[in-house]
Every structure is written in C-alpha cells, then in structure tokens.
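Positions are given from 1 along the sequence. The shown structure was predicted, so the numbers you read here are calculated from the model rather than taken from an experiment.
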Amino acid sequence: MRTAHRAALEFDYPDERRARIVEQSIAVEVGEIDDARSGASVHREGKTVVVTIEADDLVALRAGVNTWVRLVEAAETVFDAATDRGRLA
C-alpha cells in the first residue's frame, strides 16, 4: 500500500512488563482490521508501545487512529482490572 498519510502513536508505561502485555494484546489485531485504505503496525521499544497507522486519506487515518487508541485503552483497562484482582502479579 502506498500511503499519503501516517501517524505514529506512542504509549509510555512505567515498566517494560506492562508495555509488553499491552503490545501483545493489541498486536493480534494487526492485519485483522486493515482495509483497502489503511493499515497499521505495532511494536515496542522498551517501555513504549508504538502504533503506526498509514492511510490513503485523512478520513481513513482518523478512523484508524480512533480505533487503535480504543484498542490500547481496552488493553490498559483489562491489565488494570487483572492486576487489581491479583491475576497479574
């Protein structure tokens, strides 16, 4: 895909463990929610999770950014709930 627009979202965490869990939780969606106008990649750099969205147009880019931010928020919420309940020690 040759894209005209790109956004890189960086999410910083207090430790690499949390960053790794968030990364692994959302990385399964790469390729699953892409379409003809946009795509994304996910990787981790230490305590930072980086989501890069590429799109043919700004509407698709905005939709991709919104989707990936929601996915990260969901992963963070589940991590917090599991930690609070002692399931992630």
Side-chain angles (χ1 to χ4, degrees):
M1 169 191 305
R2 184 171 178 267
T3 58
H5 305 283
R6 177 181 294 170
L9 309 175
E10 295 185 1
F11 302 90
D12 296 317
Y13 295 97
D15 55 63
E16 286 190 32
R17 180 174 175 268
R18 182 175 176 146
R20 185 178 59 255
I21 290 171
V22 170
E23 174 207 13
Q24 292 172 346
S25 297
I26 65 172
V28 298
E29 299 298 336
V30 171
E32 296 296 318
I33 57 177
D34 293 350
D35 62 23
R37 294 169 43 209
S38 67
S41 63
V42 174
H43 73 278
R44 183 177 56 84
E45 299 171 0
K47 298 187 289 185
T48 302
V49 175
V50 180
V51 179
T52 303
I53 301 113
E54 297 181 339
D56 292 337
D57 56 77
L58 290 175
V59 172
L61 183 65
R62 184 188 70 203
V65 167
N66 290 339
T67 296
W68 285 98
V69 166
R70 282 193 302 271
L71 288 171
V72 170
E73 288 176 342
E76 291 172 348
T77 299
V78 171
F79 178 92
D80 290 341
T83 301
D84 289 346
R85 294 185 179 168
R87 295 176 194 235
L88 290 174

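Nearest heavy atom pair, residue I21 against residue S25, reads O-OG, 2.7 Å. Across all non-hydrogen atoms, the minimal contact from L61 to A55 is N-CB, 3.4 Å. Closest approach of H5 and D56 over heavy atoms only: CD2-O, 3.6 Å. For the residue pair A19 and G46, the shortest heavy atom distance occurs at CB-O, 3.8 Å.
E29 places none of its side-chain heavy atoms less than 4.5 Å from the side chain of V42. Side-chain contact check for T52 versus W68: every heavy-atom pair is 4.5 Å or farther apart. In this structure, the side chains of R17 and F79 come closer than 4.5 Å at one or more pairs of heavy atoms. Using a 4.5 Å heavy-atom cutoff, the side chains of V65 and R62 are not in contact. V49 is not listed as a side-chain neighbour of V72, based on a closest heavy-atom distance of 4.5 Å or more. The side-chain heavy atoms of R44 and Q24, taken from C-beta on, include no pair separated by under 4.5 Å.
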Taking it one step at a time, do F11 and V22 satisfy side chain to side chain contact (heavy atoms under 4.5 Å, CB included)? CA-CA 10 Å; F11 302 90; V22 170; over 6 Å; no
Criterion side chain to side chain contact (heavy atoms under 4.5 Å, CB included) on L71 and V51, from CA distance to verdict: CA-CA 11 Å; L71 288 171; V51 179; over 6 Å; no
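If you chain together hydrophobic residues whose side chains sit under 4.5 Å apart, L9 and L58 fall into the same group. Put simply, V30 and V69 are part of the same group of oily side chains (I, L, V, M, F, W, Y) that touch within less than 4.5 Å, one to the next.
Here the CD1-CZ distance, from I26 to R70, works out to 13.5 Å after rounding to the nearest 0.5 Å. In this structure, the separation between NE2 on H43 and OG1 on T48 is 9.0 Å, given to the nearest 0.5 Å. Between atom CG of residue N66 and atom CD1 of residue I53 there is a gap of 9.5 Å, rounded to the nearest 0.5 Å.
In the model, D80 has no side-chain atom that pairs as donor or acceptor with a side-chain atom of T77 under 3.5 Å.
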